[in-house]
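Hydrogens, waters and symmetry mates play no part in the numbers below; they use all other heavy atoms, side chains included. Throughout, numbering of the chain's residues begins at 1 and tracks the sequence.
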Amino acid sequence: WSRQYALKPIFSTTDSKVNSLLVGAKASFLMQVSKEPVIKKSSTTPPTMFLLTVTDALTSQPTPAAVTLTNTLNQRVLAKNKQLAKGTLKQRVTKGEFEVEISKPEYYTEYRTFSIAEAGDTALLSVMLRPRPWLRLHVTNAETGEPLTVSALVTKKDSDEPALTMSTDSIGGNARILLDEAEYEIKIQQFGYEAVTLNPQTIGDSLNVALQPLKKGRVIVLHNLFFATFATRILPTSEPALNDLYLFLSENTDVRIRIVGHTDNVGTRRDNQKLSEGRSEAVKEEMVKRGIDPSRIETEGRGEDEPVANNNTEEGRALNRRVEFVIL
């Protein structure tokens, strides 16, 4: 025998409660399966940069240089004496105020400042380096033309900076020195030769100097030696001239000299003679005060008898009022 069973569903799809439960479960399941992860995109700020290009002022081509970069707000040094082989620098920085120093041997050092106000900005800077000029010196014997080995003192006018020394070589009598843009005075005092003072027109000059050998009978005028009017008192402005004479005597210890005073023709001949004698004595006294043996110096006054210019003009009379010394 056989028994038949009828399968009765536990619930019906028509049951609204059950049906809605299934639908909700189905929807929830579908949503969970189909949901993709959300990647939050961050807003990135480009780096804050400083770009520098260094060129040669003469060639306009990039040139190697050394750079020091400092944030002046916090005194942080971002690059110290950094060598730029190709004349370019790319440096990451922050907001702030900056100073940059660019240097190269035989060139003028340049300084620049710049600021960066916003993060992500880029500061661009182009700097041209100017080469420093050489002052060249060539010294020879005025009589023989032979090159001389001498030391020259280079002094910057209106400055307290110490004097620089440039020495000529023994082969060609040549020397050179790098200088700043300024006015200079060059003094050459060589044993056995007349001292020379030079005032180059530009610091890029090439100076050819022929030194006169000191010989007996040679007459040398003491330029820039000033006296009070109709008096023997030496004015303070004469200090450089007195110092030159002292240096000459102290460096040439075997030389004896005669100091000779001259006047113009203003006044009587007798007064002018007396004035010229007194002025030559005044110069000798200054040398003795500085330590020169008085036996090395003779004095003489020649009044108005030996003019070198016309006494009818003020310029001529100024030239006639002079003090010379003669090597004995």
Side chain [X], main chain [Y], donor-acceptor under 3.5 Å:
X: Arg279; Y: Ala231; answer: yes
X: Asp264; Y: Val266; answer: yes
X: Asn320; Y: Gly316; answer: yes
X: Gln75; Y: Thr72; answer: yes

Leu89/Val67 under side chain to side chain contact (heavy atoms under 4.5 Å, CB included): CA gap, chis, key distance, verdict: CA-CA 9 Å; Leu89 172 68; Val67 173; 4.0 Å; yes

Parallel, tilted or perpendicular: rings of Phe325 and Phe248 (30°, 60°): tilted

Quick one: do [X] and [Y] make a salt bridge, cutoff under 4.0 Å?
X: Glu324; Y: Arg322; result: yes
X: Asp56; Y: Arg130; result: no
X: Arg317; Y: Glu315; result: no
X: Lys215; Y: Glu143; result: yes
X: Glu185; Y: Lys157; result: no

Can you check whether [X] reaches [Y] side chain to side chain, under 4.5 Å on heavy atoms?
X: Leu211; Y: Asn141; answer: no
X: Gln273; Y: Leu275; answer: no
X: Thr48; Y: Thr94; answer: no

Closest heavy-atom pair and its distance - Ala241, Leu222: O-CD2, 4.4 Å

Worked check of side chain to side chain contact (heavy atoms under 4.5 Å, CB included) between Tyr184 and Leu198: CA-CA 9 Å; Tyr184 289 88; Leu198 308 169; over 6 Å; no

Ser151 versus Ser167, side-chain donor and acceptor atoms under 3.5 Å: yes

Side chain to side chain donor-acceptor pair (under 3.5 Å) partner of Asn272, chosen from Arg321, His262, Glu304, Arg302: Glu304

